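Below is one structure, written out as structure tokens; the observations come after it.
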There are 2 protein chains.
Amino acid sequence: MTEQAAPSAGSGSRGEREAGARGEPGAGDGAGDEPIAPERKVRHGAAAAGKPATIYDVAHAAGVSHQTVSRFLKGFAGIRPETRAKVERALAELDYRPNLTARSLTTGRSHRIGALTHDIDKYGPSKILGSAAAAARDAGYVLDIVTLDTTDAASIDEALAMIAEHDVEGVLALSSTDEMTHAFERIDFRVPAFVVTEPDEPSRVRSQLATEGMPALVAHLARLGHRRILFLAGPHHWSAARNRTRAIEAAAEALGLEVTGIIEGDWSAASGYAAIADLEDLDATAIVSANDQMALGAMLALSERGLAVPRDVSVTGIDDLPDAAFYTPPLTTLRMDLAGRGRAAFAELLSRIEGSAAHEPPAVQAELIVRQSTGPAPRRTPLDSQ
Amino acid sequence: MTEQAAPSAGSGSRGEREAGARGEPGAGDGAGDEPIAPERKVRHGAAAAGKPATIYDVAHAAGVSHQTVSRFLKGFAGIRPETRAKVERALAELDYRPNLTARSLTTGRSHRIGALTHDIDKYGPSKILGSAAAAARDAGYVLDIVTLDTTDAASIDEALAMIAEHDVEGVLALSSTDEMTHAFERIDFRVPAFVVTEPDEPSRVRSQLATEGMPALVAHLARLGHRRILFLAGPHHWSAARNRTRAIEAAAEALGLEVTGIIEGDWSAASGYAAIADLEDLDATAIVSANDQMALGAMLALSERGLAVPRDVSVTGIDDLPDAAFYTPPLTTLRMDLAGRGRAAFAELLSRIEGSAAHEPPAVQAELIVRQSTGPAPRRTPLDSQ
DNA sequence: AACGGCGATGTTACCGGTAATATCGGGAAG
DNA sequence: CTTCCCGATATTACCGGTAACATCGCCGTT
């Protein structure tokens, strides 16, 4: 009954093709109703219909006990060559594939990690997810992803409960909002679980953003003669946003520059556009945006107000999206090592899961990339009341 | 031994917090070495250490058989109110959570879908993935994602084998390259599996891109006086790229416009930039790009060649990325319903898995969004040898 | 020749659920 | 007052692996 019949046949849909139809009764060569396995050898003994072969089927075919098969699969050394050969042959003949579900029931190891996000289509989270997934794959794990539509607590709890039931060995959250953090505090996962976030001030991971990246960016602006900076911040309930805001405030203070204003956006280009379009006065010569996309929106708004970048105003982003090099003008930004973050997060989780020593957390890079959106500060601030 | 010790304690890392430490032996109240469950009531009977409660534990605590608990959990009606109450109490007291692994071993239903991609950080695949994951969640499924680093066959096979072993009920591929398609033809998943791709010409799903979207885009250009179009194509081994190329050729022919050239990129802004920067002659007044990002790169290259968009050349994209409205100038493009595609792909897979009737495939939208990157054609083609 | 030891393999138990079948007690029918 | 039936619940089997223990045959020892 869970056995599914051949699905809607003859859908001429190109590019969407069915792989592996179930076996169907055909002209058997043996007794009675012994069906044929799909385009393969006839199944042996007890192995019925299209169901996958188990170690018992293999054992029966090879004339050994199932435990011998299990040992073989685990790479156990002490098996006589002839026995080994029989098992190998049966394995191949039946096209055996281990049932991970059964295995994880006894071993308690599912090799699955839960990943949770509500912003998978944003570049940051999806980049982190991708690299975490790649790292996971290399370690023999897969990521179970569950997305949230909303940020409300009930929805998060529901999603987390779902993940918790799926027998994962660890949980990562990729959207480091406060709602997510609180949800993680509320829920008892019984397994290692944490919110992947930008290395923050009191972190073990040296926050290169705060110690080097942002100072380098601000120093770059200072060198160009800028003294007054407008900061387009990310949403305050994101820890990465607060982190970046703190970093620029510290860096500006250290270098004697003034942050004349902080406008909170939502990471989107639209919010960056709105921030600048709605501005009455712009009493700064440089705009630093907490991410590249808001910088993109800001640059459009500036040009619509008749201000040229970087002649009248310099603009920078943070992240270095692949596209940022092709904005008009190409964006000066801080390259964040998102892929490294994803890998590090998975590595950290793995070390907690497998109990191995948590190896040295790698310093996350934040490298200044200078392009054409920054230039010498103009004599006077562009929109200041003259 | 699979029981993991409390992981590296005292890591002051903020934002990364540990949820749910394992129970540890404490001052028991009963006989011998009965440990205490983490921050909760003392475990009952056989339930040892920090291990999660099973239905047997619950049954024992409630004084009924495990089967009664199972029936209760399945919402079976014929249970006496007092029995029901006992079970409910025990359930709550032990903080019971079902073990999906065990359940799926017997039922054969894992409620897990495999998702495969090597471009998770690209907007298209990640958007599709996100919406598919959301649809999956609503249906009680999770997506197991496995990423590929490369596009080579061996790597794909390995990843597919990994997915196949994880007992998924269906498989989706989100990068519709030929390599992926071929891999899907090679592998026998034993479950429904297909490559999510743009609805293509011979498809059941009406290809709105070909029938309405692209004609609308070309008509828009024709109305502005353009007669010669340069097309920036996607990589030829992507079915969506071929699809888009065919669509514009057909639309141009139908409206009597000429496609003067087709340059193949790799979807990236860098490739769009290179395509235009390397061009000797530009004997077209409009550039249509197979995606928005290549259009972005193309616009930068144009401006570096001293050509203004749209005064000298009109540019369009396809996709309507959220950022496209904030390019300089804002990009005229075809809005593709990627989220709808993801939902539809999951719905299709679900209907195959659950054997329900494949409901009417929804027409996928491709809507023309006119912005400022297109304008009246100039008198003469900009870079033509004069 | 009897025996301890050990390598190779077989048998049984168990993981935590669900499905199928068995049992038990009480009310209606004869 | 029995008998039968049926609803409520308990028992047992099973899913496909792994772990622990049992068995068997052959070897070298004394």
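Predicted model only: the values in this text are computed from it and were never measured. Residue numbering restarts at 1 for every chain, and letters A, B, ... go by the order of the sequence lines.
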Residues B:Glu169 and B:Arg109 bridged, charged N to O under 4.0 Å: yes
Touch class at under 4.0 angstrom, heavy-atom based, for B:Ser104 against every strand present: nothing
Selection from C:dT11, D:dC14, D:dG17 that lies nearest to any side-chain heavy atom of A:Gln67: C:dT11
Distance, nearest 0.5 Å, that separates CD1 of A:Ile113 from CG of A:Leu350: 7.0 Å
Atom-to-atom span, CZ of A:Arg97 to P of D:dG17 - whole angstrom: 13 Å
Separation of C:dT11 P from A:Tyr56 OH (nearest whole Å): 12 Å
Gap between atoms NZ and C1', on A:Lys51 and D:dC14 respectively (whole Å): 10 Å
Whole angstrom value for the distance that separates C1' of C:dG17 from NE2 of B:His111: 14 Å
Trace of the side chain to side chain contact (heavy atoms under 4.5 Å, CB included) decision for B:Tyr141 with B:Ile353: CA-CA 12 Å; B:Tyr141 285 74; B:Ile353 289 170; 3.9 Å; yes
Exercise: do A:Thr101 and B:Thr101 side chains pair donor with acceptor under 3.5 Å: no
Note: B:Glu88-B:Arg84 ion pair, threshold 4.0 Å (strictly below): no
Rounded distance in Å - CG (A:Asp57) to P (D:dG17): 9 Å
Donor-acceptor pair under 3.5 Å, B:Arg71 side chain vs D:dA10 base: yes
Under 4.0 angstrom between A:Thr107 side-chain N/O and D:dG17 OP1 or OP2: no
D:dA19 OP1/OP2 closer than 4.0 Å to side-chain N/O of A:Lys74: yes
Sugar-phosphate only, base, or nothing, as touched by A:Thr83 at under 4.0 Å among non-hydrogen atoms: sugar-phosphate
Protein-nucleotide distance (A:Arg84, atom CZ; C:dA8, atom P), rounded to Å: 10 Å
Residue whose closest nucleotide on DNA chain D lies nearer the 5' end, B:Phe76 versus A:Thr54: B:Phe76
Short side-chain N/O contact to D:dT18 OP1/OP2 from A:Arg103, under 4.0 Å: yes
Sugar-phosphate, base or nothing in reach of B:Leu73, heavy atoms under 4.0 Å: nothing
Sugar-phosphate only, base, or nothing, as touched by A:Phe72 at under 4.0 Å among non-hydrogen atoms: nothing
Which nucleotide in C:dG16, D:dG17, C:dT9 has an atom nearest any side-chain atom of A:Ile79: C:dT9
5' priority, DNA chain D, between A:Thr106 and B:Ser65 [closest heavy atom]: B:Ser65
Inter-residue atom distance B:Leu160.CG - B:Leu148.CG, 0.5 Å rounding: 7.0 Å
Whole-Å distance separating the CG atom of A:Leu105 from the C1' atom of C:dC15: 4 Å
Contact under 4.0 Å: B:Tyr96 side-chain N or O vs C:dG17 OP1/OP2: yes
Pair of N/O donor and acceptor under 3.5 Å linking D:dT18 base with A:His66 side chain: yes
Any A:Thr68 side-chain N or O less than 4.0 Å from OP1/OP2 of C:dG10: yes
Spacing of A:Arg109 atom CZ relative to D:dG17 atom P, expressed in whole Å: 18 Å
